J.: 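I am attaching a structure below and will ask some questions about it afterwards.
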Amino acid sequence: MAKTNPGRFFEDYAVGQVIAHAVPRTLSGGERALYHALYPARHALYSSDAFAAACGLGVAPLDDLIAFHTVFGKTVPDISLNAVANLGYAEGRWHRPVRAGDTLRSQSEVIGLKQNSNGKSGVVWVRTRGLNQRDELVLDYVRWVMVRKRDTDAPAPETVVPDLAEVVAASDLVLPEGLDFTGYDFTLAGEPHRLADYEIGEVIDHVDGVTVEEAEHMQATRLWQNTAKVHFDATFREDGRRLIYGGHVISLARALSFNGLANAQMIVGLNGGAHANPCFAGDTVRAWSEVLDKAETSAPGVGAIRLRLVAVKAGGEPGALRGEDGKYRPEVLLDLDYWALMPV
Amino acid sequence: MAKTNPGRFFEDYAVGQVIAHAVPRTLSGGERALYHALYPARHALYSSDAFAAACGLGVAPLDDLIAFHTVFGKTVPDISLNAVANLGYAEGRWHRPVRAGDTLRSQSEVIGLKQNSNGKSGVVWVRTRGLNQRDELVLDYVRWVMVRKRDTDAPAPETVVPDLAEVVAASDLVLPEGLDFTGYDFTLAGEPHRLADYEIGEVIDHVDGVTVEEAEHMQATRLWQNTAKVHFDATFREDGRRLIYGGHVISLARALSFNGLANAQMIVGLNGGAHANPCFAGDTVRAWSEVLDKAETSAPGVGAIRLRLVAVKAGGEPGALRGEDGKYRPEVLLDLDYWALMPV
Amino acid sequence: MAKTNPGRFFEDYAVGQVIAHAVPRTLSGGERALYHALYPARHALYSSDAFAAACGLGVAPLDDLIAFHTVFGKTVPDISLNAVANLGYAEGRWHRPVRAGDTLRSQSEVIGLKQNSNGKSGVVWVRTRGLNQRDELVLDYVRWVMVRKRDTDAPAPETVVPDLAEVVAASDLVLPEGLDFTGYDFTLAGEPHRLADYEIGEVIDHVDGVTVEEAEHMQATRLWQNTAKVHFDATFREDGRRLIYGGHVISLARALSFNGLANAQMIVGLNGGAHANPCFAGDTVRAWSEVLDKAETSAPGVGAIRLRLVAVKAGGEPGALRGEDGKYRPEVLLDLDYWALMPV
């Protein structure tokens with residue numbers, strides 16, 4: 001009996017199936033420190049216990065993307081080990097902050113299946129839930145990936161394409177309990193801009209660039225216990241470069257976006273996302289954002305801002321996303337659509 | 001008076017001598033997070049407080065190799081600064097788990113000496129003990145190294161070669177207090193295989209590979225406060241590569257062995273080990289294991305599995321250890337013989 | 001309205017101005033672990049809770065340079081984003097140890113201004129204070145930098161050159177509450193040398209070398225939330241190398257100085273410092289120290305030693321600081337003058 005995990009193939013999934021992912025993970029101040037070492041993260045709510053307490057949150061949460069990466073990483077051995085492509089995200093919501101000491105685990109429900117016309121692969125949609133040690137929902141999101149078939153002669157399953165929201169409605173966003181921005185300290189946060197200062201359609205160039213090293217993205221990806229081979233094994237490619245985990249680019253871009261969006265503090269919704277082109281060590285990553293929407297919330301002093309976050313490599317320009325053919329420009333690495341909370 | 005530590009030479013050791021090693025070290029969640037960033041470590045007992053508690057252990061211990069590296073690192077300035085080669089390990093036992101907040105220190109007793117026939121060096125055997133802040137024994141093991149003489153004219157000491165066990169007897173393994181695998185959650189652990197599913201002689205290919213970077217092995221080696229110059233100073237070799245600490249390869253191989261041995265949870269015995277060939281940045285490390293023995297233990301639901309863990313670089317094949325000449329094949333980096341605890 | 005921070009230019013400063021720097025930071029065991037992974041730090045007082053407690057300090061503080069880098073990093077967006085050069089340090093004092101759980105923030109007062117004769121830039125002197133979550137002073141120091149003018153036609157400010165002490169007087173050093181070296185364990189600390197064993201003028205070669213990697217200095221610099229672009233963006237230089245944060249070299253040299261100065265435990269005063277030449281990845285950094293002074297203190301068993309700590313790259317020799325022209329030799333990276341506490 002083979003002992004190692006070959007991953008699941010397209011025909012191993014069935015709509016309604018719930019997969020409990022392995023290896024729960026307790027997070028600590030260590031993960032926070034590493035997150036700050038690996039990304040230029042500066043959002044004050046996640047950096048300072050005192051700042052978080054002043055916003056009604058008590059001890060500072062871990063960055064929302066730590067929760068995302070941890071939950072996502074657990075799904076890799078079951079969902080994307082044989083994936084050809086990570087196609088999209090939708091309906092992501094953060095339900096409660098994660099703090100040092102919390103233990104996260106993940107489970108995914110298969111909500112859609114569609115075999116490709118070539119009969120060699122198919123698309124699998126899953127709704128993934130991250131739960132803490134009290135079985136409370138921390139995060140959920142839909143992801144769809146293209147997965148190879150083990151046996152191309154296996155019969156195609158009934159096609160089920162889930163009906164996914166284009167955008168998480170602002171009224172569906174979950175506000176962290178106690179959050180209050182009425183006494184928000186803009187000086188300590190690093191920028192004076194409040195929600196009212198941003199206009200829909202506004203494009204913000206985040207200016208700074210970070211050149212990525214192999215040692216860094218591998219450490220980050222391991223930290224989330226993401227086991228996809230292409231991130232670690234140089235023998236997969238002739239040039240010895242490893243494909244960088246798409247989530248590494250998300251965190252890099254989000255951290256760079258501090259410069260211009262220092263007050264877009266908490267990520268609460270993930271509307272969609274595409275890893276437009278692969279990223280490799282040696283690339284210098286820059287980021288720009290576009291304000292897509294703004295909304296009120298029920299929490300005192302707290303508004304919601306919907307942002308398009310775009311990561312680019314050399315040649316990328318703020319605002320330049322797609323070519324004349326409608327496809328992503330070759331220098332675009334990431335196109336992420338998310339909601340963040342900001343003082344009004 | 002010279003202030004720096006020149007290290008000890010062969011003639012500085014005497015059988016019976018006990019050396020208290022410097023710089024005790026308090027470990028925290030930070031070391032755990034770094035361990036997970038530096039190695040693809042996924043064993044659930046060390047990853048999740050909740051999983052460890054369900055196994056009767058309370059808060060999750062730090063990986064057993066964190067204890068090993070920390071204790072080992074402290075011995076380097078006194079034992080191996082002038083070592084020509086690290087020759088072997090024997091009679092290693094883990095006596096109790098180490099947790100965040102524990103402070104470790106090390107001491108070594110010289111238990112054997114044998115001058116080489118060339119008169120220029122000799123072999124030193126030491127039994128090293130790791131103690132925590134309550135002076136409880138955490139770990140002990142025998143190591144022997146070849147050490148240069150300062151003065152080749154110094155008289156040879158009486159030869160004392162310790163009588164070392166080939167294998168730690170299963171009945172001598174120390175079971176962590178409270179350990180109970182009767183309610184073991186195989187789904188959360190990541191694999192369904194229990195001790196009964198493994199056969200003596202079975203060889204497991206752990207499949208995954210990790211290409212090593214200079215920044216990673218140096219960070220790991222520093223973290224254990226291992227001061228051996230060859231790991232950090234590129235000017236030692238013409239090609240600028242640094243010799244990777246053998247323990248880094250041990251942890252890499254052990255972490256890779258999760259894929260096929262996810263339930264070989266706790267390392268409790270070290271029967272032997274050889275760093276067969278040097279490892280350098282750029283090498284892609286893979287691992288395979290061979291089941292050498294199985295045994296019952298007194299803890300509920302807990303068995304012991306004796307494993308040979310082999311790390312290889314490019315060209316290594318599962319099961320291929322030695323050439324026709326009886327010597328390790330050139331692509332073999334590590335041959336480690338250890339006991340782990342596994343649900344029966 | 002541009003949302004990103006362009007940094008301040010010379011004409012944006014006025015003597016007496018107090019700048020509250022953004023993004024307070026809570027430190028944990030994670031930062032300590034990373035510090036140990038990034039630098040070969042071994043001073044026992046910062047490595048072991050038990051050792052610190054035996055010296056009257058309770059739980060081990062974080063390395064004094066963690067406090068320095070954290071406080072310094074916060075000043076970068078306001079002080080040195082448009083700096084041409086970091087010219088010097090003076091009058092630095094550590095006022096109380098920082099421990100895991102503490103939250104640090106920084107503020108700077110402009111204490112001097114002098115426009116350069118070319119009219120294109122000027123020197124700004126600031127006194128920076130690091131405060132903890134109880135608003136207690138943790139650290140203060142004076143730094144002066146050369147900053148570009150935005151508008152070369154802007155009028156020159158009145159020249160104010162602060163009167164800075166050449167050296168912090170030993171009597172002005174702040175002794176950590178409770179510090180007591182009368183029961184100091186030299187064996188655990190790693191070296192037998194006490195203050196009486198060092199002679200003024202003595203030069204100590206710290207022997208070991210560390211070859212620096214891009215991934216390491218970037219992780220360190222990010223950890224301190226230092227945002228200066230030149231440390232992260234390879235496109236600034238034709239050779240793709242990033243300029244290493246001067247503080248990285250300080251920590252590297254200080255950690256290397258353990259070998260010969262293991263008992264120079266706590267840094268309490270910063271008399272001056274110069275980043276003599278730039279450091280790049282690939283450089284192998286070594287260090288030597290010169291004993292500049294010794295003094296008594298009011299704490300039991302505790303003396304103060306004033307040290308010149310010099311970091312060099314290839315070609316550097318212990319004791320060789322300046323050429324015949326009085327300028328730093330090209331292989332000198334750092335010349336730091338500080339006070340440390342040592343058992344008498």
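From a predicted model like this one, the values you see are computed outputs, not experimental measurements. Note on naming: letters A, B, ... go to the chains in the order of the sequence lines (proteins, then strands), and numbering restarts at 1 for each one.
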J.: May I ask you to decide if Asp49(C)'s main-chain N or O and Thr26(B)'s side chain share a donor-acceptor pair within less than 3.5 Å?
T.: yes
J.: Nearest 0.5 Å, please: how far is OG1 in Thr4(B) from NE2 in His206(C)?
T.: 9.0 Å
J.: Looking only at heavy atoms, which two atoms of Phe51(C) and Pro24(B) are closest? And how far apart?
T.: CB-CG, 4.4 Å
J.: For the CZ atom of Arg105(B) and the OG1 atom of Thr187(C), what is their distance to the nearest 0.5 Å?
T.: 11.0 Å
J.: Working note: Val207(C) + Lys229(B), criterion side chain to side chain contact (heavy atoms under 4.5 Å, CB included); need CA distance, chi angles, decisive distance, verdict.
T.: CA-CA 9 Å; Val207(C) 180; Lys229(B) 299 166 176 45; 3.8 Å; yes
J.: Show your reasoning for whether side chain to side chain contact (heavy atoms under 4.5 Å, CB included) applies to Lys74(B) and Leu188(C).
T.: CA-CA 10 Å; Lys74(B) 318 231 137 300; Leu188(C) 284 183; over 6 Å; no
J.: Heavy-atom pairs under 4.5 Å with chain C: which of Gly30(B), Gly101(B), Ala20(B), Ala100(B) has the most?
T.: Gly30(B)
J.: With chain C as the partner, which of Asp233(B), Thr227(B), Thr221(B) has the greatest number of non-hydrogen pairs under 4.5 Å?
T.: Asp233(B)
J.: Is there a donor-acceptor pair under 3.5 Å between the side chain of Lys3(B) and the backbone N or O of Asp205(C)?
T.: no
J.: Out of Gly190(C), Ala33(C), Ala52(C), which one racks up the most heavy-atom pairs below 4.5 Å with chain B?
T.: Ala33(C)
J.: If I measure from the heavy atoms of chain B, does Arg32(C) come under 4.5 Å with its side chain, its backbone, both, or neither?
T.: side chain
J.: Residues two or more places apart in sequence or in another chain: which of them pass salt bridge (charged side-chain N to carboxylate O under 4.0 Å, His left out) with Glu331(C)?
T.: Arg329(C)
J.: For His231(B), is it the side chain, the backbone, both, or neither that has a heavy atom closer than 4.5 Å to a heavy atom of chain C?
T.: neither
J.: Nearest 0.5 Å, please: how far is CD in Glu216(B) from CD in Glu216(C)?
T.: 10.0 Å
J.: What do you reckon, is CD of Glu177(B) surrounded by more than 12 foreign heavy atoms closer than 6.0 Å?
T.: no
J.: Do any of residues 254-265 of chain C come closer than 4.5 Å to chain B, heavy atom to heavy atom, and if so which ones, in number order?
T.: Phe258(C), Asn259(C), Gly260(C)
J.: I need the minimum non-hydrogen distance between Arg222(B) and Leu38(C), along with the two atoms involved.
T.: NH1-O, 3.5 Å
J.: Apply side chain to side chain contact (heavy atoms under 4.5 Å, CB included) to the pair Gln225(B) and Ser47(C), showing each step before the final yes or no.
T.: CA-CA 10 Å; Gln225(B) 298 177 316; Ser47(C) 176; 3.3 Å; yes
J.: Show, in sequence, the C-alpha distance, side-chain angles and deciding distance for Glu213(C) and Arg242(B), and conclude whether the side chain to side chain contact (heavy atoms under 4.5 Å, CB included) test is met.
T.: CA-CA 12 Å; Glu213(C) 298 291 315; Arg242(B) 280 132 270 179; 2.9 Å; yes
J.: Would you give the length of the straight line joining atom CG of Leu34(C) to atom CD of Gln219(B), rounded to the nearest 0.5 angstrom?
T.: 7.0 Å
J.: Counting heavy-atom pairs closer than 4.5 Å to chain B, which one of Ser48(C), Ala60(C), Ala189(C), Ala50(C) comes out on top?
T.: Ser48(C)
J.: Tell me whether His36(C) contacts the main-chain N or O of Trp224(B) through its side chain, where contact means a donor paired with an acceptor under 3.5 Å.
T.: no
J.: Any chance the side chains of Arg241(B) and Thr211(C) put a donor and an acceptor closer than 3.5 Å?
T.: no
